[in-house]
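Heads up, the thing below is written out as structure tokens.
Just so you know, ligand 1 is whichever comes first in the structure, and atom 1 is the first atom listed for that ligand.
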Amino acid sequence: MTGKVWFVGAGPGDPDLITVKGRDLIARAGAILYAGSLVSEAALRWAPPACEPADSKGMTLEEIADWLIDQARRHETVVRLQTGDPTLYGALIEMARPLDAAGVPWAVVPGVSSALAAAAAAGESLTLPELTQTVILTRVAGRTPMPEGESLEALARHGCTLCIFLSITLLHRVQAELRAAGWPEDAPILVVQKASWPGEERIVRGTLADIKARCQAERIGSQAMIIASPALGARQREAVARSKLYDPAFGHRFRRATLLEEQS
Ligand code: SAH
């Protein structure tokens, strides 16, 4: 008999932000492997006493895959707990391939990504009517090069919301690429460190011109999400259009337009 490996999104940090499905899988797991430095150990508070959670910090991808395969031969439910959502910058495919080769079934349980937790922390909307209706999740090139056509400069030319992962130590490069794409010096930029972590979350607001200096002053150098968007700060700007969904003159499937109703 072979058990199943579940890649579970632990959420961005607040242990309450794991899904009910993820929590239930942890509660019946025979073995749990978590990404030590990133996943709050509090997420393990639901693990059964017989299960000894292991930290993958210091393991190579091969060692992780071997561990998961070995545990799946002994337990019905094996959980690989990952930060945020497992499908974003989570090495999912590299871990899943050896499982396929070994005939071990696996599945993914989505999680709340840090991009969404950062927007929530700051009370910002990533989309706003007539300003931007598109969100790009990306990073700048570090040791991992960006594929053709995906430089931040090229993506920033769309002028839409950019959620930039894994790049807080490369803020100078983020600034340079946004400038090259034509973003103005006063474009608002938001940085959230440890979004949703109880007592540890920090929010820095700035502009393209000063965001790096502000982050340096606050000593923010890791675990941070950078959001650049024309929608930032819109609640302070009265002129920003409101959503058509709640516009009294706009009917949709669930609510006929008041104006039409008045006419009929
Ligand atoms: N799968 C994760 C991302 C992993 S890559 C997700 O969906 O969120 C790691 C990067 O995610 C970090 O460099 C940082 O940019 C971001 N990150 C992860 N947790 C974060 C948090 N709580 N607050 C802000 N950024 C976070």
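- Under a 3.5 Å cut-off, the side chain of Gln193 and the backbone N or O of Gln223 do not form any donor-acceptor pair.
- Contact annotation for Ala118 and ligand 1: no heavy atom of the residue comes within less than 4.0 Å of the ligand.
- Both the backbone and the side chain of Met225 come within contact range of ligand 1, each with a heavy atom under 4.0 Å.
- A salt bridge does not link Glu153 with Arg179: every distance from a Lys NZ or Arg NE/NH1/NH2 to an Asp or Glu carboxylate oxygen is 4.0 Å or more.
- Contacts between Gln223 and ligand 1, counted as non-hydrogen atom pairs separated by less than 4.0 Å, involve the backbone only.
- For the pair Pro110 and Thr19, the minimum side-chain heavy-atom distance is 4.5 Å or more.
- Using 4.0 Å as the threshold, Ala117 has no heavy atom nearer than that to any atom of ligand 1.
- When the heavy atoms of Ile220, Val191, Leu166, Leu88 are ranked by distance to atom 12 (C) of ligand 1, first place goes to Leu166.
- A salt bridge between Arg74 and Asp70 is present, with a side-chain N of the basic residue lying under 4.0 Å from a carboxylate O of the acidic one.
- If you look at Val192 next to ligand 1, the close heavy atoms, those under 4.0 Å, all belong to the backbone.
- Under a 4.0 Å criterion applied to the non-hydrogen atoms of Ser113, ligand 1 contributes the atoms 6 (C), 7 (O), 8 (O).
- Among residue pairs with one or both ends in residues 106-146, those qualifying as ring pair (Phe, Tyr, Trp, His ring centres under 6.0 Å) are Phe7-Trp106; sequence neighbours excluded.
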